[in-house]
Amino acid sequence: MAQTQRRTLETRLTARNDTRTAFTQVERSLRRIRTAGDRAFRGITRAARSTRGQLAALVATLGGIQKLVIDPAKFEDSIIRITLAGDAFVGKVDEIRDAIDNLATSTGTQRTELAAAFDVAARRAEDYAGALELVTTANKLAALSGSDVTEAVTGLDSVIEAFGGSINEVEQIAAQLFEATRRLPESQGEILTQLGNIAPQARLAGLGLDDLLAAIATAEAQGIRTSTTFTALRAILDQLTSPAGAAADRFRDLGVQTGQNALAGQNLGEVFARIAAGAERVGNGLGDLGIRGRSVSAFLAIASDEGERFRDTFNPLHSGSVPAFNAAFDPVNNPTKSAIDAF
């Protein structure tokens, strides 16, 4: 297994004309992996000679191979693939390995998981610092939501790209996402995916990520599932940006602006409240606007109290979310310190 791994790494390094020093480091690591694996198998063989030792040998096989052979080989492979991601990462084998080791030690996340996430981040960020920031923040979000670090890296980067942000804003975006959705049953991965899907419609209507997160939090505070809220938002955004027939007439009668950037600079809750009030006057008017079934409850939740809930939710998301995010992560990161503080 280690020999196959070595041939794979040597081919990749040769193809990119990487430094011989980097390969030598990997070669030594793989030699250590092979030696540790041989020792594990010798121990397993000796244990298996007795009938009672067979079960212990099986357990040792599974755990020993994973810990001593597979995980280290995966880790070293990820390190080399990171250095091949772009010029910003060439020659940084030791620096990348040390950064991942430090992050693993301080947070308890497995090195292999962090290395795989860093490999993805290196292909999305412009430089080493950006990739490290993306992985560090994604690791916090994953720990708080119980999701995978690589999934968090991919989701955060997709949302940043969809809403025209930058990697420098990743911690703020993750903090706002956590604050707005931490009580929801859906995983952060699901929410990030839905945010990425609705982003083109939202940007066309003039809404930003802050607006969407605040709308989700407002509906959530009234017991509405996020999937239902997204369905309602997609329907009404379609009608607002490209109204036709009865919808166009309704918006015109209510004095609601339509077309591209129709919601730019406006309070979404107040706009929804105006639409809801008009629909109430004419009966089942929301159906003409594409709001039907369970989506009605989400729409009305955002529209309730003429947007007051929306504003109350929106403002905290703008300020103080990063300290709250880091404070929430601290007990996860340092359970011993948390227990001492509680005592």
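None of the values given here were measured: they were computed from a predicted structure.
- The CD atom of Gln194 lies 11.5 Å from the CG atom of Leu212; values are rounded to the nearest 0.5 Å.
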Check: Hey, mind stepping through Gln266 and Gln257 against side-chain contact (heavy atoms from CB on, under 4.5 Å) and telling me if it holds?
Finding: CA-CA 10 Å; Gln266 298 194 59; Gln257 184 178 344; 4.0 Å; yes

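- Judged by distance alone, with hydrogens and angles left aside, the side-chain atoms of Arg234 form no donor-acceptor pair with the main-chain N or O of Ile198 at under 3.5 Å.
- Looking at every heavy atom in both residues, Thr107 comes nearest to Phe329 through CG2-CZ, 4.0 Å.
- No side-chain heavy atom of Asn168 sits less than 4.5 Å from a side-chain heavy atom of Glu133.
- Taking CD of Glu151 as the start and CG of Leu141 as the end, the distance is 9.5 Å to the nearest 0.5 Å.
- The closest side-chain heavy-atom distance from Ile302 to Leu233 is below 4.5 Å.
- Grouping the Ile, Leu, Val, Met, Phe, Trp and Tyr side chains by contacts below 4.5 angstrom, directly or via other members, places Ile191 apart from Ile224.
- Tracing side-chain contacts under 4.5 Å through hydrophobic residues (I, L, V, M, F, W, Y), one reaches Leu268 starting from Leu237; they form part of the same cluster.
- Between Ala115 and Ser78, the shortest heavy-atom distance links the atoms CB-CB, 3.6 Å.
- Put simply, the side chain of Ser242 never gets that close to the backbone of Gln239: no donor and acceptor are under 3.5 Å apart.
- Note on Asp77 versus Lys74: no salt bridge recorded, every NZ/NE/NH1/NH2 to OD/OE distance being 4.0 Å or above.
- A salt bridge links Arg97 with Asp94: at least one charged nitrogen is closer than 4.0 Å to a carboxylate oxygen.
- Between Phe272 and Phe299, the ring planes lie parallel to each other; the angle is under 30°, not in the 30° to 60° tilted range.
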Next item on the list: Under the side-chain contact (heavy atoms from CB on, under 4.5 Å) rule, what do Arg124 and Thr154 come out as? Steps first, then yes or no, please.
Entry: CA-CA 9 Å; Arg124 293 170 174 264; Thr154 303; 3.4 Å; yes

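- Checking side-chain atoms of Asn261 against main-chain N and O of Ala264 turns up no donor-acceptor pair under 3.5 Å.
- With contacts defined as side-chain heavy-atom distances shorter than 4.5 Å, the pair Ile100/Val135 does not qualify.
- The existence of a salt bridge linking Asp119 and Arg123 is confirmed by a sub-4.0 Å separation between a basic side-chain nitrogen and an acidic carboxylate oxygen.
- Phe118 is not listed as a side-chain neighbour of Leu103, based on a closest heavy-atom distance of 4.5 Å or more.
- Ser297 and Thr228 make their closest contact through OG-CG2, 4.4 Å (heavy atoms, listed as atom of the first residue, atom of the second, distance).
- Residues Ala131 and Ala121 share a closest heavy-atom pair of O-CB, 3.8 Å.
- Looking at Leu114 and Asp101, their side chains never come closer than 4.5 Å, going by heavy atoms from C-beta outward.
- Put simply, Ile275 and Val296 are part of the same group of oily side chains (I, L, V, M, F, W, Y) that touch within less than 4.5 Å, one to the next.
- A salt bridge between Glu220 and Arg225 is absent, with no side-chain N of the basic residue lying under 4.0 Å from a carboxylate O of the acidic one.
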Next item on the list: Apply the test side chain to side chain donor-acceptor pair (under 3.5 Å) to residues Asn139 and Thr109: give CA-CA distance (whole Å), side-chain angles for both, the deciding distance (0.1 Å), then the verdict.
Entry: CA-CA 8 Å; Asn139 185 46; Thr109 307; 2.8 Å; yes

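- Once rounded to the nearest 0.5 Å, the distance linking OG1 of Thr231 with CZ of Arg294 reads 8.0 Å.
- Within the 4.5 Å cutoff, side-chain heavy atoms of Ile167 are placed close to those of Asp157.
- Cluster annotation: Leu254 and Val271 are assigned to the same hydrophobic cluster (Ile/Leu/Val/Met/Phe/Trp/Tyr, side-chain heavy-atom contacts under 4.5 Å, transitive).
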Checklist line | Audit row: Gln201, Asp238, side-chain contact (heavy atoms from CB on, under 4.5 Å) steps and yes/no | finding: CA-CA 7 Å; Gln201 290 174 283; Asp238 270 344; 2.7 Å; yes

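- The cluster map of Ile, Leu, Val, Met, Phe, Trp and Tyr, joined by side-chain heavy atoms under 4.5 Å apart, puts Leu207 and Val159 in the same cluster.
- Counting heavy atoms from C-beta on, the side chains of Gln176 and Asp210 come closer than 4.5 Å.
- One finds the CZ atom of Phe251 at 11.0 Å from the CZ atom of Arg274 (value rounded to the nearest 0.5 Å).
- Leu177 contributes atom CG, which lies 11.5 Å from atom CD of Gln172 (distance to the nearest 0.5 angstrom).
- Exactly one of Leu240, Leu204, Asp211 qualifies for a side-chain contact (heavy atoms from CB on, under 4.5 Å) with Leu263. That residue is Leu240.
- Heavy atoms only, all atoms of each residue included: Thr229 and Ala219 are closest at OG1-CB, 3.3 Å.
- Note that the CZ atom of Arg111 and the CD1 atom of Ile79 stand 8.0 Å from one another [nearest 0.5 Å].
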Item checked: Intermediate values then yes/no, side-chain contact (heavy atoms from CB on, under 4.5 Å), Gln222 and Leu300 -> CA-CA 10 Å; Gln222 298 172 74; Leu300 294 178; over 6 Å; no

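- Contact between Thr218 and Ala301 at its shortest, heavy atoms only, is CG2-O, 3.7 Å.
- In this structure, Phe89 and Leu84 have side chains that are not in contact, with every pair of non-hydrogen atoms separated by 4.5 Å or more.
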